[in-house]
There are 2 protein chains.
Amino acid sequence: MPTTVAEPGRTTKGEQTRALILHTALDLFRERGYEETTMRLIAHEAGVAPGNIYYYFRSKEHLIQGFYALSLDEHVAASQPVLAQETDLRARLLGVMRAKIETSEPYHRFSGLLFKSAADPSSPLSPFSPESHPVRQACTALFAEVLTGSKTRVPDDLQAELPNLLWLYHMGIILFWLHDKSPQRVRTYRLIEHTVELIARVIGLATVPLLRPIRTRVLRLLTDLRQDTS
Amino acid sequence: MPTTVAEPGRTTKGEQTRALILHTALDLFRERGYEETTMRLIAHEAGVAPGNIYYYFRSKEHLIQGFYALSLDEHVAASQPVLAQETDLRARLLGVMRAKIETSEPYHRFSGLLFKSAADPSSPLSPFSPESHPVRQACTALFAEVLTGSKTRVPDDLQAELPNLLWLYHMGIILFWLHDKSPQRVRTYRLIEHTVELIARVIGLATVPLLRPIRTRVLRLLTDLRQDTS
DNA sequence: GTCTATAACCGGATAGAC
DNA sequence: GTCTATCCGGTTATAGAC
């Protein structure tokens, strides 16, 4: 079994306790929500002392960082079937996006927490922070695979920027999903279908001569931005 | 003096205390940051009892709702010069976006708090919540004015959706600005210049026949989305 | 040195008297 | 509409066990 982003190989006593606390916490978050789950309760359920949690996790919010990684692993796994079978860019992207929502569904209630920190530049929990880099990187790689494994020919310069853009796109979709109260989350799925269609078309249009000036401008902007962000 | 979104006309005893607390709080937030400002300190500085603040504001975070409104009023005021003088769409949008960043600058340190709630659908503080509707509405109207006052002819169907899109765009810029650590926030200003240019071009391209299928798809998607969100 | 437990602290929030 | 006293839960200090 390959080492995942969520749990490095070691299995020392400490690592086990750490994993125990994390899983207990995530289960409780899923069942009762974040605010309603007290640190004292997590400690009690995990059979450790309240203060002990802080030996493994800097704060209650940091328990969420663990969720990031866990969620990514599940997303990658759920994406494998489509990526193995489909060669159409549209179908691949659609499959990966659906996999994201499906695997996240159990955590819908408390996923909002992830975004809370998105705004705080000083928070290590922000998806843009250095601490989140490994997870973000791995997720971006997944989108790169969506492109490289498809039969659609994507120009090299675009190919370099698109995975990052798709990562940003998928964050936007998650934000929408968070607010989506429709039954079975149908609105989110419809949004995904429509936007994937649009993205595929826009990529297809990228080589049209008429749009060249816009395309170069966009590319310049993107490389410009990556300068000190990545 | 016209009634603003931030402060309705009344000036009863209560309204005065409320305003006093709000301004004291925002001043302290600006000076020391949000986390470092305790409710007890706000109460002390405002000369009221700690518990009394909760008579006027449901929570510490709710003090931020007051900031939303105040910030909007300043943004609208700072936008007036450009909107009165310029007729070029590009210049108008650029001016309004710059005004946004300029007026927000003093609050850069704690503006992240605004976004924290963006992710939480249950929070009345979310910019997408019903409670935020008046402010969001007023801000969207500002972007509508950017369009209607320009000499650029925008097709009716686009005209109906664009203000909402521009509002979303401006939220994205603010998110970028929150994370921008460059001196004088130059990266944000550059991003604004480039994206405004792009937006203007894309609007210009909207009527090109080749792009008609994409355009209709986008419009359908947008009207679809507004269905139960607005 | 790695890990665990207890007690206390601090600040947001609430109850209820005036 | 304002105050005081108190609660509650995240967090920290610190002592000690393995």
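Reminder, nothing fancy here: chain letters follow the sequence lines and each chain counts from 1. Because the structure is predicted, anything quoted here is derived from the model rather than measured.
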Colleague: State which residues pass side-chain hydrogen bond (donor to acceptor under 3.5 Å, both in side chains) with A/Thr188; sequence neighbours excluded, sorted by chain then number.
Modeller: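 Here the qualifying residues are A/Asp180.
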Colleague: In chain order, what residues pass the side-chain hydrogen bond (donor to acceptor under 3.5 Å, both in side chains) check against A/Arg98, with sequence neighbours excluded?
Modeller: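 A/Glu193.
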Colleague: Listing request: all side-chain hydrogen bond (donor to acceptor under 3.5 Å, both in side chains) pairs with a residue in residues 47-66 of chain A, at least two apart in sequence or in separate chains.
Modeller: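 Listed by first then second residue: A/Ser59-A/His62.
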Colleague: Taking OH from B/Tyr55 and C1' from C/dA15, how many angstroms apart are they, rounded to a whole number?
Modeller: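 Whole-Å distance recorded here is 16 Å.
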Colleague: Atom CG of B/Leu28 to atom P of C/dG12: distance rounded to whole Å?
Modeller: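 Taking CG of B/Leu28 and P of C/dG12, I get 12 Å after rounding.
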Colleague: For B/Tyr56 and C/dT14, give me the distance from atom OH to atom P, rounded to whole Å.
Modeller: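 Whole-Å distance recorded here is 17 Å.
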Colleague: Hey, could you give me each pair passing salt bridge (charged side-chain N to carboxylate O under 4.0 Å, His left out) that has a residue in residues 25-35 of chain A? Not counting sequence neighbours.
Modeller: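 Listed by first then second residue: A/Asp27-A/Arg30.
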Colleague: Could you state the atom-to-atom distance from CD1 of A/Ile53 to P of C/dA5 in whole Å?
Modeller: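 Atom CD1 in A/Ile53 sits about 11 Å away from atom P in C/dA5.
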Colleague: Partners of B/Tyr169 by ring pair (Phe, Tyr, Trp, His ring centres under 6.0 Å), sequence neighbours excluded?
Modeller: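 Not a single residue meets the ring pair (Phe, Tyr, Trp, His ring centres under 6.0 Å) criterion with B/Tyr169.
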Colleague: Can you name the residues that form a ring pair (Phe, Tyr, Trp, His ring centres under 6.0 Å) with B/His108, not counting sequence neighbours?
Modeller: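 Residues passing ring pair (Phe, Tyr, Trp, His ring centres under 6.0 Å) with B/His108: B/Trp177.
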Colleague: Taking five pairs at each end, how big is the angle between the two axes of the helix from C/dG1-D/dC18 to C/dC18-D/dG1, to 10°?
Modeller: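 Between the axes fitted at each end of the helix from C/dG1-D/dC18 to C/dC18-D/dG1 lies an angle of 10°.
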Colleague: Treating primed atoms plus P, OP1 and OP2 as sugar-phosphate and everything else as base, which nucleotides of nucleotides 3-18 of chain D get B, S or - for protein heavy atoms under 4.0 Å?
Modeller: BB----BBBB------
Colleague: For A/Phe143, which residues count as a ring pair (Phe, Tyr, Trp, His ring centres under 6.0 Å) partner, sequence neighbours excluded?
Modeller: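 Residues passing ring pair (Phe, Tyr, Trp, His ring centres under 6.0 Å) with A/Phe143: A/His170.
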Colleague: For residues A/Leu70 and A/His23, determine if any side-chain heavy atom of one lies less than 4.5 Å from a side-chain heavy atom of the other.
Modeller: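 A/Leu70 reaches A/His23 side chain to side chain.
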Colleague: Can you check the B/Gln16 CD to D/dG1 C1' distance for me, whole Å?
Modeller: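 To the nearest whole Å, that distance equals 13 Å.
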